[in-house]
Amino acid sequence: MTTPDLERWRLILGAPAAGCAGGLSGDAAARDAALDWLYGRDPDLERRGVRRGGAHGGREGGSGHSIVAAVDWLDDVHRLFPKETVERLERDAVERYEIHEIVTDPALLARVEPSQALLRAVLRTKHLMNPDVLAMARRIVEAVVRELTERLRVEVRRAFHGTRSRRPSNFRLARDFDFRGTIRANLAHYRPDERRLYIEHPKFLSRTRKRLENWQLILLVDQSGSMAGSVVHSAVTAACLWGLPGLKTHLVAFDTQVVDLTADVTDPVELLMRVQLGGGTDIARAVSYGAGLVDNPRRTILAVVTDFYEGGDEHALVRSVRELCQQGTHVLGLAALDEDAEPDYDRRMAQRWADAGAHVGAMTPGRLAAFVAERIGR
């Protein structure tokens, strides 16, 4: 192996590989020290009896951390690693090891690169910040929300633009061309010798825009700590949906209390700064509140973004979901609403929702928009 290959394996395997891969120097040693400062605090190392290497050789894993401050560490990783790796290191620092000073220290906030992981950290720790630090943290919120909004608005508009019914139309627009219907209607004009189909009667589909005016989307969002990513994407998705003509959108956050945030839905930054992550969860109370917002059950989608861990009355919750479904409301239980859509949820309760008639799953915001568009377009 070449020296660069050995250095990479040494960085991957850590200090125990020093005997085989050799020592490190220069930037490689600095990278090793930066990684050890973060991952050397993993309690699993102590359980396995792994000695910490790098800048801390000779100390047992978990016995302490480098005197390097978080601000110096952050400067080092930005200098030593590519952007994708920096984002992963920052995410692990705030989410896995809860190094909160990264988002509560003004010096660090001035250097940090806005990312969704840091936005979630800000939402979890903003109650620890004084007004000056909170104003700096708002920069992270604004930057990430702006990037998400630009991307999700395209996905939402794409889902709704061109929502079509299966009914024929006399208006001949290229975007409404019915490819399959046209083929079926003109099969008699197929010329086998030329292997061509001559179209005499093109078919087109009608749009469903008029029906949009009778529909509601009610988003109930669990603001418990584990749902931080879904809270962010729910706020941005609601803001994108708000601008669609004829679709009445509500956004409600809940824990043991219910807070209607619909008045702030056009400003997702301000909305997120109001969210209080953590606390208990009373899904039954939130669903009951959402049921009270329904104008026309058969023209309403009630989406509950939650991990399904109910801290309130489980029987009342399932009964409310069943009653809504029986009335014709499209009840959607989402275990995750973010770009990863990787849920961690109470499967037993989710199954009870499904048995009561609800649609249960995990979705990206774009898929939720497609789901809404599909229901409206029927």
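All of these numbers come straight from a predicted model, not from anything done at the bench.
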Do the charged groups of E314 and R348 touch, with an N to O distance under 4.0 Å? yes
Using a 3.5 Å distance criterion without hydrogens, assess whether the side chain of K126 forms a donor-acceptor pair with backbone atoms of V275. yes
Nearest 0.5 Å, what's the NE2-OG1 distance between H201 and T182? 11.0 Å
Start with the C-alpha distance between R274 and L261, add both sets of side-chain angles, then the distance that settles side-chain contact (heavy atoms from CB on, under 4.5 Å), and finish with yes or no. CA-CA 9 Å; R274 289 184 55 193; L261 300 172; 3.9 Å; yes
Co-membership, hydrophobic cluster, residues V331 and W215, 4.5 Å side-chain: no
Going by the side chain to side chain contact (heavy atoms under 4.5 Å, CB included) test, name the single residue among D295, L217, L241 that passes it with K248. D295
Spacing of CG belonging to L35 relative to CG belonging to L89, to within rounding of 0.5 Å: 6.0 Å
Taking a hydrophobic cluster as the set of Ile, Leu, Val, Met, Phe, Trp and Tyr residues connected by side-chain heavy atoms closer than 4.5 Å, whether directly or through intermediates, do L332 and V231 fall within one such cluster? yes
Could you give the distance from CG (D76) to CZ (R31), rounded to the nearest 0.5 Å? 11.5 Å
Do any N or O atoms from the side chain of N186 and from the backbone of E200 form a donor-acceptor pair under 3.5 angstrom? yes
T300 side, atom OG1; N296 side, atom CG - distance, nearest 0.5 Å: 6.0 Å
Hydrophobic cluster membership, V321 vs V304, 4.5 Å side-chain cutoff: yes
Is any side-chain heavy atom of L38 closer than 4.5 Å to a side-chain heavy atom of V77? no
Using 30° and 60° as the class limits, which term best fits the ring planes of F371 and H359: parallel, tilted or perpendicular? perpendicular
Report yes or no: do W242 and I218 belong to one cluster of Ile/Leu/Val/Met/Phe/Trp/Tyr joined by side chain heavy-atom distances under 4.5 Å? no
Check: V258 main-chain N/O paired with R285 side-chain donor or acceptor under 3.5 Å: no
Under 3.5 Å, sequence neighbours excluded: what are the donor-acceptor pairs made by side chains of residues 286-293?
unit_1	atom_1	unit_2	atom_2	d
Y289	OH	D260	OD2	2.7

Could you go through the side chain to side chain donor-acceptor pair (under 3.5 Å) check for Y309 and D222 one step at a time? CA-CA 10 Å; Y309 289 101; D222 185 343; over 6 Å; no
All N/O donor-acceptor pairs, side-chain side in residues 132-142, below 3.5 Å, sequence neighbours left out:
unit_1	atom_1	unit_2	atom_2	d
R138	NE	E142	OE2	3.3
R138	NH2	E270	OE1	3.0
R139	NH2	L109	O	2.5
R139	NH2	V112	O	3.2

Under 3.5 Å, side chain of E310 to main-chain N/O of M349, donor-acceptor pair present? no
Would I99 and W73 count as a side-chain contact (heavy atoms from CB on, under 4.5 Å) if you check the C-alpha gap in whole Å, the side-chain angles of each, and the deciding distance to 0.1 Å? CA-CA 12 Å; I99 305 175; W73 175 79; over 6 Å; no
Would one find more than 12 heavy atoms of other residues, nucleotides or ligands at under 6.0 Å from atom CZ of R96? yes
Considering all heavy atoms, the nearest Y345-A350 contact: CE1-CB, 3.7 Å
Full working for side-chain contact (heavy atoms from CB on, under 4.5 Å) between L219 and V305: CA-CA 7 Å; L219 267 174; V305 185; 4.1 Å; yes
Quick one: does V145's side chain get under 4.5 Å of V236's, heavy atoms only? yes
Exceeds 12 heavy-atom contacts within 6.0 angstrom, atom CZ of R88: no
Value for CE (M363) from OG (S230), rounded to nearest 0.5 Å, stands at 12.5 Å
Establish whether L251 and M273 are linked, either directly or via other cluster members, by ILVMFWY side-chain heavy-atom contacts under 4.5 Å. yes
Nearest heavy-atom pair of V265 and P268: which atoms, and what distance? O-CD, 4.0 Å
Of all heavy-atom pairs between F81 and A34, which one has the smallest distance, and what is that distance? CE1-CB, 4.2 Å
Nearest 0.5 Å, what's the CG-OG1 distance between L337 and T306? 12.5 Å
By side-chain contact (heavy atoms from CB on, under 4.5 Å), Y198 pairs with (sequence neighbours left out) H189, R191, E194, R196
May I ask you to decide whether E147 forms a salt bridge with R151, counting only side-chain N to carboxylate O separations under 4.0 Å? yes
What's the verdict on side-chain contact (heavy atoms from CB on, under 4.5 Å) for V122 and M129, showing C-alpha distance, side-chain angles and the deciding distance? CA-CA 9 Å; V122 167; M129 303 176 187; 4.2 Å; yes
